[in-house]
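Everything quoted here is computed from the prediction, not taken from an experiment. Below, each value reflects all heavy atoms present in this structure, side chains not excepted, and no hydrogens, waters or symmetry copies.
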Amino acid sequence: MRTRTARRGPVVAALFLALCAPTAVAAPVPRTPSTADTADTADTADEADAAESAGAALVARRAALAAASRGGGASGLDFRACPAVEDLPSRVRCATLRVPLDYARPDGPQLSLTVSRAAATGAGGAARQGALVQNPGGPGASGMSFPLVAGLPGWERIAAAYDLVGYAPRGVGRSAPLSCADPAARPQGPVQEPVRPSPAYKAERRAQAREYANGCARRAGAALPYYTTLNNARDLHVLRAALGEDELTFMGASYGTYLGAVYATLYPGHVRRMVLDSAVDPDPRRVWYRNNLDQARGFEGRWHDFRAWVARHHDTYGLGTTPAAVQAGYERVRDAVARTPAGGTVGTGELRAAFLQAAYYDDVWPDRAAALAAFLRGDPSLLAAQAAPDPASAAEAENATAVYTAVLCNDAPWPADWETWDRDNTELARTAPFETWANAFLNLPCASWPAAGRRTPVAVGSQPERLPRTLVVAAERDGATPYAGALELQRRLGTGASLVTETVAGSHGVVGGRNGCVDRHVERYLLTGATPGWRVGCAPHPEPAPVSLDDGAAGARRALLPPVV
């Protein structure tokens, strides 16, 4: 999964991803013509894994030697002023990291990954502890703006001890950008989605999914199979070495938790500290088809939480005193924009996408409730302002979608038969109608993915070495990455993994400004390596205050870590 709607945070625009919780949905079964064929395929995959692992080790050694040649624990990367296109202040420096497209051919075609860094400030006489590398999720999101958190309240002690390092993973931003379609050809809106998709509409979306998958193949060519979580983890291994670090200190959110868990499985001896925020369920049986089904169910729960909050503030918004009444108001708005798009650009598709953000982040609840109430009182301008697509971000959105699609489709087997998709999503939509079909159609290119050589997902936790202490952070009612994923990730990481839970709350991305209790545990862990115990809870952060229509839409109110996706 992934946010199909980018929201502008105080630091960076982000996309989305992530996943799961146990369900009764049948797992997809890869087609296996015969035992002999299966054995041949397994042998081929094992040989490829061995060659790629050897290549990654070679490239990392070279990167480490380059860093060592500079002396004094310096980086092997040449950090300079960032290009203007990155829109980063002078205190942040940028570099380029070269990695092979195919690690089985370490001296073959290369990719250039962009890297950003704010050097440790040393404030208060703090000793430098190395580099803290962050991945905000997606897959498809860039972490280039991460070093800007050095200037946010609450990050002073971490910024004093660590170089804050962000990067754009392969395919993202200026890191050999991947594209599957011409951004200019993307629908400009309004998009009209049926409440219950008909067979004809499903057939239309199937055709669009096949065309999108074929577009990925046409535009990426022979490079398409190499956009994978495995290669992202190998790139991270090389980045660690190029930064002059023997061990990786890492902060990953959403999809970034899965990337971190795969890295820890492949390179347990090179893990120093890991903060994994809003965890994807890493169970190979759930990656990625079943995870997405679980996510739709999680979003339904958060959609209810939003409506319940609006109902509690009926005096402000006048949308009803029950979640059902708020739902009825939403449906009236949906029917209205199906007839006459708000502002000429907001149809039912844009409406759903805007309110999906309310299932991610509760800090947008006042904005969305105000827009809903204003529309029903005859003023569509707030809704149009919040939900209209931004043409200026079309290329970024297309790039993020392309990387998201390629990584998820390459990572694991997906059902190839439409009957499985139709059956599972029709059943799920009976109880989770809000996002089920939109999520299914987003991922449907994986049913006809043209790249060969999809791998079995990594068995996270199967590493032979015991990992050092790690810290998993989760919100109990997170819809994008349901809480069961955090429990499964902790179990797989082993007895050294600690789980901090923000109880009752559900905003996606817990670290970085919403909850002081959580942030204190994270800061203490990063600075000392100490974890708070097997499982601890933090009270939820305060719900947002309602904003009256006279006050206008709320906007972002707190300095948060860039939104995770």
Side-chain angles (χ1 to χ4, degrees), residues 1-7 12-20 135-144 167-173 175-181 183 186 205 208-209 211-217 219-220 223-233 235 252-259 262 278 280-281 286-296 299 353 356-357 360 393-412 414 435 438-451 454 457 480-481 508-509 562-565:
M1 306 70 102
R2 176 223 32 148
T3 34
R4 313 151 205 47
T5 53
R7 79 163 185 163
V12 67
L15 181 67
F16 138 30
L17 163 71
L19 305 52
C20 11
N135 180 287
S142 172
M144 288 293 287
Y167 72 108
R170 59 171 59 200
V172 177
S175 294
L178 178 65
S179 174
C180 293
R186 290 170 63 91
R205 295 303 300 265
Q208 291 173 355
E211 175 54 30
Y212 188 80
N214 291 334
C216 295
R219 286 172 169 260
L224 187 59
Y226 299 102
Y227 296 93
T228 66
T229 297
L230 272 171
N231 280 336
N232 285 339
D235 293 345
S254 197
Y255 167 79
T257 68
Y258 182 63
L259 171 60
V262 170
S278 303
V280 167
D281 190 329
R286 311 199 76 80
V287 175
W288 291 106
Y289 178 72
R290 296 181 75 181
N291 278 346
N292 278 277
L293 293 169
D294 295 337
Q295 187 186 59
F299 282 142
L356 175 61
Q357 291 186 357
Y360 272 97
S393 65
E396 179 184 358
E398 198 287 315
N399 170 235
T401 301
V403 175
Y404 166 82
T405 304
V407 172
L408 265 65
C409 294
N410 284 330
D411 264 5
W414 291 72
E435 184 65 11
N439 222 18
F441 294 137
L442 171 71
N443 293 291
L444 194 53
C446 295
S448 54
W449 192 241
R454 291 193 241 189
T481 52
H508 189 53
V564 304
V565 301

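Distance check: Asp281 CG to Thr481 OG1 gives 10.0 Å after rounding to the nearest 0.5 Å. Between Glu398 atom CD and Cys180 atom SG the span is 6.0 Å, to the nearest 0.5 Å. Atom CE of Met144 is separated from atom OG of Ser175 by 7.5 Å, given to the nearest 0.5 angstrom. Here the CH2 atom belonging to Trp449 is positioned 12.0 Å from the CG atom belonging to Leu444, to the nearest 0.5 angstrom. Once rounded to the nearest 0.5 Å, the distance linking CG of Leu356 with CG of Asn439 reads 8.5 Å. Taking SG of Cys446 as the start and OH of Tyr212 as the end, the distance is 10.5 Å to the nearest 0.5 Å.
Aromatic ring centres of Tyr404 and Tyr255 lie farther apart than the 6.0 Å criterion allows.
Residues satisfying the ring-ring contact (aromatic ring centres under 6.0 Å, His included) test with Tyr227, not counting sequence neighbours, are none.
With hydrogens and angles left out, the side-chain atoms of Asn292 and Asn443 include a donor and acceptor closer than 3.5 Å. Asp411 and Thr229 form a side-chain donor-acceptor contact under 3.5 Å, judged by distance and modelled atom types alone.
Between the side chain of Thr401 and the backbone N or O of Ala397 there is at least one donor-acceptor pair closer than 3.5 Å. In this structure, Asn231 contributes its side chain and Tyr226 its backbone to a donor-acceptor pair below 3.5 Å. Side chain of Ser393 to main chain of Glu396: no donor-acceptor pair is present (N/O by atom type, distance under 3.5 Å, no hydrogens or angles). Checking side-chain atoms of Trp414 against main-chain N and O of Ser448 turns up no donor-acceptor pair under 3.5 Å. A donor-acceptor distance shorter than 3.5 angstrom exists from the side chain of Thr257 to the backbone of Val280, with no hydrogens or angles considered.
Proximity of Tyr167 to Asp235: side-chain heavy atoms (C-beta onward) are nowhere separated by under 4.5 Å.
Closest approach of Val403 and Arg170 over heavy atoms only: CG1-O, 4.2 Å. Considering all non-hydrogen atoms of both residues, Ser278 and Gly509 come closest at OG-N, 2.9 Å. Among all heavy-atom pairs drawn from Gly140 and Val172, the shortest one is O-CG1, 3.7 Å. Nearest heavy atoms, Ala412 versus Pro457: CB-CG, 3.6 Å. The minimum heavy-atom distance between Asn135 and Gly256, with the atom names listed, is OD1-CA, 3.5 Å. For the residue pair Ala233 and Leu259, the shortest heavy atom distance occurs at N-CD1, 3.5 Å.
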*Determine, stepwise, if the pair Tyr258 / Val287 fulfils side chain to side chain contact (heavy atoms under 4.5 Å, CB included).*
CA-CA 10 Å; Tyr258 182 63; Val287 175; 3.9 Å; yes
*How far apart are the C-alpha atoms of Cys216 and Leu224, what are their side-chain angles, what is the distance that settles it, and do they pass the side chain to side chain contact (heavy atoms under 4.5 Å, CB included) test?*
CA-CA 7 Å; Cys216 295; Leu224 187 59; 4.1 Å; yes
